[in-house]
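Below you'll find the structure, written out as structure tokens, and then a few comments.
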Protein chains: 4
Amino acid sequence: MHSGSLFCHFKSKEALLYEVMQKGMRSALARQTIVLRGKHDSAATLRQLIRLHFETLLESNSDFMWAVLYESRALNTRQLRLIEELQGNYEAAWTPVLHELASTGCLRAEVPLARHLIFGSLNWSLQWFDAKNGASLDDLTDAMVALVMHDTSR
Amino acid sequence: MHSGSLFCHFKSKEALLYEVMQKGMRSALARQTIVLRGKHDSAATLRQLIRLHFETLLESNSDFMWAVLYESRALNTRQLRLIEELQGNYEAAWTPVLHELASTGCLRAEVPLARHLIFGSLNWSLQWFDAKNGASLDDLTDAMVALVMHDTSR
Amino acid sequence: MHSGSLFCHFKSKEALLYEVMQKGMRSALARQTIVLRGKHDSAATLRQLIRLHFETLLESNSDFMWAVLYESRALNTRQLRLIEELQGNYEAAWTPVLHELASTGCLRAEVPLARHLIFGSLNWSLQWFDAKNGASLDDLTDAMVALVMHDTSR
Amino acid sequence: MHSGSLFCHFKSKEALLYEVMQKGMRSALARQTIVLRGKHDSAATLRQLIRLHFETLLESNSDFMWAVLYESRALNTRQLRLIEELQGNYEAAWTPVLHELASTGCLRAEVPLARHLIFGSLNWSLQWFDAKNGASLDDLTDAMVALVMHDTSR
DNA sequence: TATGAATGAGAGTTCATTCAT
DNA sequence: AATGAATGAACTCTCATTCAT
């Protein structure tokens with residue numbers, strides 16, 4: 001692409017960034033909503049949310065999450081507020097699931113902090129995950145579930 | 001500071017960044033080494049490592065970690081290699097502790113992935129932690145330990 | 001009009017500008033020539049020239065004069081020379097009329113300077129005249145004649 | 001001067017333009033105020049105002065007037081409003097002088113229109129005046145006074 | 001002939017760096 | 001060592017022009 005071509009389609013670089021982030025977040029929210037509509041026990045739901053979030057972060061068409069997580073400072077105040085609202089809604093949907101797991105002892109940390117810590121684990125994968133070699137998204141999901149889901153069977 | 005003064009002390013902005021990152025990482029490594037020298041069971045050691053890492057990330061004199069985690073792309077290849085080596089050493093020191101915890105069933109995920117996921121939880125706190133209100137570093141440490149350390153008493 | 005359509009009709013934006021300026025100036029010259037052909041005393045002729053020039057400047061189909069007066073720098077040398085020649089012819093036609101008025105004492109300034117000053121008064125109206133409210137072109141013409149035509153009746 | 005140097009001294013090209021226009025207009029207003037303070041008959045005052053305005057337009061350090069008259073569209077709304085206020089004050093100061101001359105029959109056109117037409121004559125000199133050859137500012141002043149000041153002695 | 005996405009030269013701006021003081 | 005004006009490479013953006021449809 002050449003220097004001026006961007007501006008046929010977007011008013012500014014900022015506008016492109018905003019569009020990408022916003023469209024991406026709406027799509028991620030929509031996919032997450034579908035998962036949450038399915039009737040499953042909360043442990044299965046958490047596994048699905050984790051798996052979906054890894055997809056949202058790491059699949060080839062998911063560059064927007066890098067922008068959402070690391071380029072927000074390039075937005076203006078109004079744009080930032082909307083993106084943060086979308087992120088807020090996305091993360092808020094995890095809270096009831098986490099509460100249910102906490103109530104049954106599967107999750108052993110205060111929910112608000114646990115949510116931050118869990119999203120940290122997931123989001124940080126953008127920094128080190130390499131699709132070419134090493135673990136698959138299923139491996140990651142298994143590891144994450146094993147890491148934070150406590151056993152209550154005994 | 002005035003615009004030209006930086007260059008009395010550093011060859012370039014890149015050199016300053018490198019100096020800050022390198023000094024910070026060496027100091028973090030030194031403090032971590034002291035913790036690891038103490039004789040404790042691995043559960044207590046992990047708690048101390050977590051607590052120390054939160055300090056390294058979040059205390060007022062710890063801006064260097066933000067640079068290490070988010071500004072590495074501004075370094076040249078040689079500098080980057082050394083910083084990554086220091087980070088590698090820092091994180092590698094956790095591996096034996098995690099292995100010991102895994103062997104006793106306290107840690108229920110494959111160690112290499114678990115380490116990445118745990119560092120993700122911790123490092124991500126830079127994005128949301130606010131010293132002014134909310135949790136303390138002790139709260140964070142408690143939550144993190146509760147989240148990933150499994151109960152083996154029963 | 002759409003962005004590419006202009007170039008079906010003109011080689012360049014400059015060519016369009018030149019066409020508009022040139023056509024407009026030729027038409028203005030033609031109308032002025034008709035006025036000058038009529039047999040009138042020089043005072044009446046000046047009034048007609050002034051009135052016609054206000055029309056040429058300010059009527060709705062007269063945007064070309066704005067281009068002639070303020071956009072000439074966008075032309076190339078050859079184009080500029082022709083437009084300036086047309087302007088020169090247009091203004092030169094006033095000289096005999098002004099000389100006759102000067103000879104009878106109706107005009108009290110050296111003709112070459114007077115011509116510049118008079119065209120200044122007229123041309124400047126493009127900057128402040130508002131057809132919607134305020135004076136009419138007749139009002140402007142009356143004011144201009146009253147301003148510069150001296151009384152010789154006494 | 002090189003491409004970036006401007007921005008050591010001004011926030012933007014717009015800010016430079018505004019500074020130049022504003023400083024220039026304030027200085028022109030100050031000089032005009034001094035002239036108006038002197039006690040003279042209105043004919044002499046008008047001559048002084050005309051002479052001073054030609055200086056303001058045409059002397060070597062007077063490029064700001066070109067900006068005020070032809071580059072205002074490059075300002076933002078707030079800046080434009082202040083510059084137009086300064087211009088308005090500058091031109092308003094002529095009104096009492098013109099009224100006095102109109103009342104004695106020296107000026108034979110309605111004052112508001114006469115003021116516009118007179119400023120047109122003067123301002124237009126920027127388009128054609130050449131200091132190197134031809135008339136002096138005194139010549140211009142004489143011509144302008146002769147053009148519009150009517151004789152009441154007879 | 002008309003369209004509108006793509007082009008690229010040029011303008012405006014930023015910022016790390018240099019340099020005279 | 002400290003200063004801050006000047007530099008120039010790189011970036012964002014505009015707009016006249018081209019071109020495939």
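Just so it is clear: chains get the letters A, B, ... in the order the sequence lines come, proteins before strands, and each one is counted from 1. This structure is a prediction, so every number in the text was calculated from the model and none was measured.
Remark: the backbone N or O of A:E55 is paired with a side-chain donor or acceptor of A:S62 at under 3.5 angstrom.
Classification of the D:H116-C:W128 ring pair by plane angle, with boundaries at 30° and 60°, yields parallel. Taking the six-membered ring where tryptophan is involved, the planes of C:Y70 and D:W124 are perpendicular, since the angle between them exceeds 60° and thus also 30°.
Summary of the strand contacts: C:S3 and B:S12 both lie near DNA chain E, and taking for each the nucleotide with the nearest heavy atom, the more 5' one is attributed to C:S3. Mapping B:S5 and C:K13 onto DNA chain F via the closest heavy atom, the residue that lands nearer the 5' end is B:S5.
Using a 4.0 Å cut-off, no side-chain N or O of A:H9 falls inside it from OP1 or OP2 of E:dG4.
The interatomic distance linking D:E71 (CD) with E:dG12 (C1') rounds to 15 Å, in whole Å. Rounded to whole Å, atom P of E:dG12 lies 9 Å from atom CG of D:L6. F:dA16 atom P lies 11 Å from atom CG of C:L16, rounded to whole Å. If you take CD of A:E14 and P of F:dC11, they are 18 Å apart, rounded to a whole angstrom.
A salt bridge between B:E19 and B:K23 is present, with a side-chain N of the basic residue lying under 4.0 Å from a carboxylate O of the acidic one.
Closest to the side chain of B:H2, from the set E:dT7, F:dT3, E:dA6, is F:dT3. Checked against F:dT17, E:dT3, E:dA5, the side chain of C:C8 finds its nearest nucleotide in E:dT3.
As the counterpart of F:dA20, E:dT3 is assigned, both hydrogen-bonding distances of the Watson-Crick or G-U wobble pattern falling under 3.5 Å.
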